Amino acid sequence: ARTAHSGWPARDDDMTASVNAPTVAERLAAAIVAGYGRPLPGALRERAEELLIDVVGLAVAARASDYVRAVLAACEDSGHCTAFGHERALGAADAAFVNGTAAHGEDFDDTFEGGPVHAGAVVVPAVLAAAERDRLAGADALYGIAVGAETMCRLSLVIPKAIHKAGFHPTAVLGALAAAAGVGATRRLDARQLVDALGIAGSMASGIIEYLAEGAWTKRLHPGWAAQSGLRAARLAEGGFLGPRSVFEGTHGLFNGFARSAAGDWGKLLDGFGRDWLATGIAFKPYACGTMIHPYIDCARRLAARGVRAGDVAEISCEVAEGTVHRLWEPLAAKRRPPNAYAAKFSTPFGIAVGFVLGDAGLGAYTEESVRDPRLLEVAAKVAYVVDPANPYPNAYTGHLRVRLNDGRVIEERQPFLRGGTQAPLGRGEIEAKFRANAAYGGWSAARAESFLAFARSAFDGSISLQPYRR
């Protein structure tokens with residue numbers, strides 16, 4: 001049932017025919033509503049299934065972590081919704097909060113080239129919580145995940161790099177509105193309600209990046225907070241609460257607040273929405289660290305495979321994008337010696353050392369022991385960078401290592417793309433293998449993991465029931 005609005009400000013019943021030109025939120029809402037009941041492309045359903053698989057595997061992997069235990073302990077309400085790997089049933093908002101935090105906690109979740117944003121860890125927990133609470137159809141959840149992920153990917157392209165540059169986390173800021181769109185679409189809100197949900201979520205958006213200073217945990221909770229914020233915003237709007245229609249482009253709107261400008265390319269958000277699904281290009285990570293580090297790790301692994309040993313290396317110089325320096329390279333001394341395992345995930349010098357010495361950068365590579373490993377610190381101390389003004393970031397994530405050996409020889413490795421991204425995507429088999437490894441890391445049996453994979457393949461065909469996965 002849908003609740004009718006009361007006490008509305010004067011607004012034309014037909015938003016697209018209002019005296020004033022429709023706002024960005026009104027145009028987005030109209031596109032979302034136009035998609036109700038339409039079949040979705042097979043590639044989009046497949047991507048939604050893969051997002052579900054990846055998010056749940058990561059939530060299970062992190063379920064016994066100290067930060068997830070802290071989040072779970074802060075949840076006060078009981079309910080009927082699932083936090084994956086935990087027996088306690090929670091209210092919808094708390095379930096979205098826990099699952100979103102757990103899914104992003106190890107920085108092993110999906111990303112979108114051009115953003116960068118992590119759509120899955122925000123949208124999937126929000127939509128699943130809404131669908132499980134009200135026993136909604138899987139088809140509704142599928143459309144909600146598609147809309148939420150698409151909204152987040154497209155929002156990240158409106159003014160690329162600006163939100164990060166202003167000191168905020170795009171996943172956190174844009175995620176609240178993407179989750180509101182996704183939950184709203186799942187619940188089939190009408191266009192007015194969707195506009196209100198977006199407007200309300202704009203006042204819930206948040207997320208500074210000061211975690212970079214010392215490897216604090218706050219980035220971990222950003223997707224969970226955005227997920228529960230979007231869910232609450234959609235419910236408020238459905239109940240008749242009003243939000244500003246100009247939430248995106250207004251003088252005091254989201255982009256002026258978090259990107260310092262609203263002079264963006266709104267066509268990136270609106271043109272072809274519901275027809276051209278950018279979310280099919282979401283990338284899945286092979287490594288448990290910051291996305292832009294991945295091509296550098298691949299380069300380091302290839303150098304090691306060529307027989308170069310750590311003791312042979314005099315120095316390593318990397319060409320980098322200016323937009324990544326403040327998060328992944330500076331202050332350089334601290335990036336060469338991260339203070340803890342979480343901070344190490346956002347250090348390119350340490351990531352290069354991990355790839356070069358350990359040969360992999362999965363969950364086991366980023367531990368409190370590894371950040372004190374003298375082999376890794378020795379290599380990281382030799383890594384420096386130079387800004388390449390022609391680097392295509394954020395449209396592409398590249399890697400480059402120029403290694404000068406002790407005997408004077410120079411060896412270079414380059415990678416012009418992100419492995420796992422659109423140019424070298426991970427296959428379904430690789431994504432399921434990643435899920436199995438993460439589920440095992442979190443203590444699930446092989447049988448339970450296979451049971452969930454079977455569920456994921458048909459999750460959008462029936463109603464959403466997640467209770468079997470609470471242990």
Side-chain angles (χ1 to χ4, degrees), residues 58-59 61-74 97-98 100-109 111 116-118 121 163-173 175 206-226 285 287-294 296-297 318 320 323-355 357-358 360-381 383-385 441:
L58 291 164
R63 66 175 178 154
S65 64
D66 42 11
Y67 58 89
V68 171
R69 288 198 299 267
V71 170
L72 196 61
F97 184 32
V98 173
T101 301
H104 184 62
E106 296 304 318
D107 228 77
F108 206 2
D109 50 319
T111 192
V117 286
H118 305 275
I163 294 175
H164 256 145
K165 188 174 182 179
F168 301 105
H169 186 198
T171 294
V173 172
S206 61
I208 60 174
I209 59 175
E210 188 60 17
Y211 65 87
L212 289 167
E214 55 187 2
W217 292 356
T218 46
K219 182 177 186 286
R220 287 172 153 147
L221 65 76
H222 286 172
W225 193 257
K285 287 186 177 184
Y287 304 132
C289 62
T291 309
M292 284 69 72
I293 301 173
H294 287 215
Y296 293 89
I297 294 174
C318 304
V320 307
T324 68
V325 170
H326 70 115
R327 302 193 311 279
L328 304 177
W329 286 97
E330 290 292 350
L332 185 56
K335 296 299 185 182
R336 287 170 168 171
R337 297 185 67 89
N340 54 50
Y342 191 59
K345 290 175 177 287
F346 310 104
S347 162
T348 309
F350 191 83
I352 289 169
V354 165
V357 175
L358 302 182
D360 188 28
L363 292 174
Y366 291 92
T367 66
E368 297 305 322
E369 291 73 30
S370 69
V371 295
R372 297 189 294 272
D373 187 329
R375 300 173 302 162
L376 299 179
L377 296 177
E378 178 186 359
V379 174
V383 179
Y385 72 92
Y441 187 91

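Side chains included, hydrogens not; waters and symmetry mates left out as well; all remaining heavy atoms used. Note that the structure is predicted; figures quoted are calculated from it, not measured.
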_Check: His104 main-chain N/O paired with Arg220 side-chain donor or acceptor under 3.5 Å_ =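 Not at all, since once roles are kept as given, no pair shorter than 3.5 Å links the two residues.
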
*Give a yes or no on whether the backbone of Tyr287 and the side-chain of His294 come within a donor-acceptor separation of less than 3.5 Å.*
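The answer is yes, because a donor-acceptor pair under 3.5 Å joins these two groups.
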
*Enclosure of Glu378 CD (heavy-atom neighbours >12, cutoff 6.0 Å)*: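 It does: Glu378 CD has more than 12 such atoms within range.
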
*If a pair satisfies salt bridge (Lys or Arg N to Asp or Glu O under 4.0 Å) and one of its residues is in residues 327-346, list it, with sequence neighbours excluded.*
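Sorted result for residues 327-346: Glu106-Lys345.
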
*Can you label the angle between the Trp329 ring and the Tyr385 ring as parallel, tilted or perpendicular, going by 30° and 60°?*
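Rings of Trp329 and Tyr385: tilted, 30 to 60°.
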
*asked:* Ring-plane angle category for Tyr366 and Phe350, please: parallel below 30°, perpendicular beyond 60°, tilted otherwise.
replied: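 It falls in the tilted class, 30° to 60°.
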
*Candidates Ile293, Thr291, Leu212 - the one meeting side-chain contact (heavy atoms from CB on, under 4.5 Å) with Leu328*: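 Testing Leu328 for a side-chain contact (heavy atoms from CB on, under 4.5 Å) against Ile293, Thr291, Leu212 leaves exactly one candidate, Ile293.
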
Would you say the side chain of [Y] lies within less than 4.5 Å of the side chain of [X], judging by non-hydrogen atoms?
{"X": "Val383", "Y": "Tyr296", "answer": "no"}
{"X": "Lys285", "Y": "Asp107", "answer": "yes"}
{"X": "Pro116", "Y": "Met292", "answer": "yes"}
{"X": "Ile352", "Y": "Cys318", "answer": "yes"}
{"X": "Lys219", "Y": "Thr171", "answer": "no"}

*Check whether the ring centres of Tyr211 and Phe346 lie less than 6.0 Å apart, and answer yes or no.*
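So the answer is yes for these two rings.
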
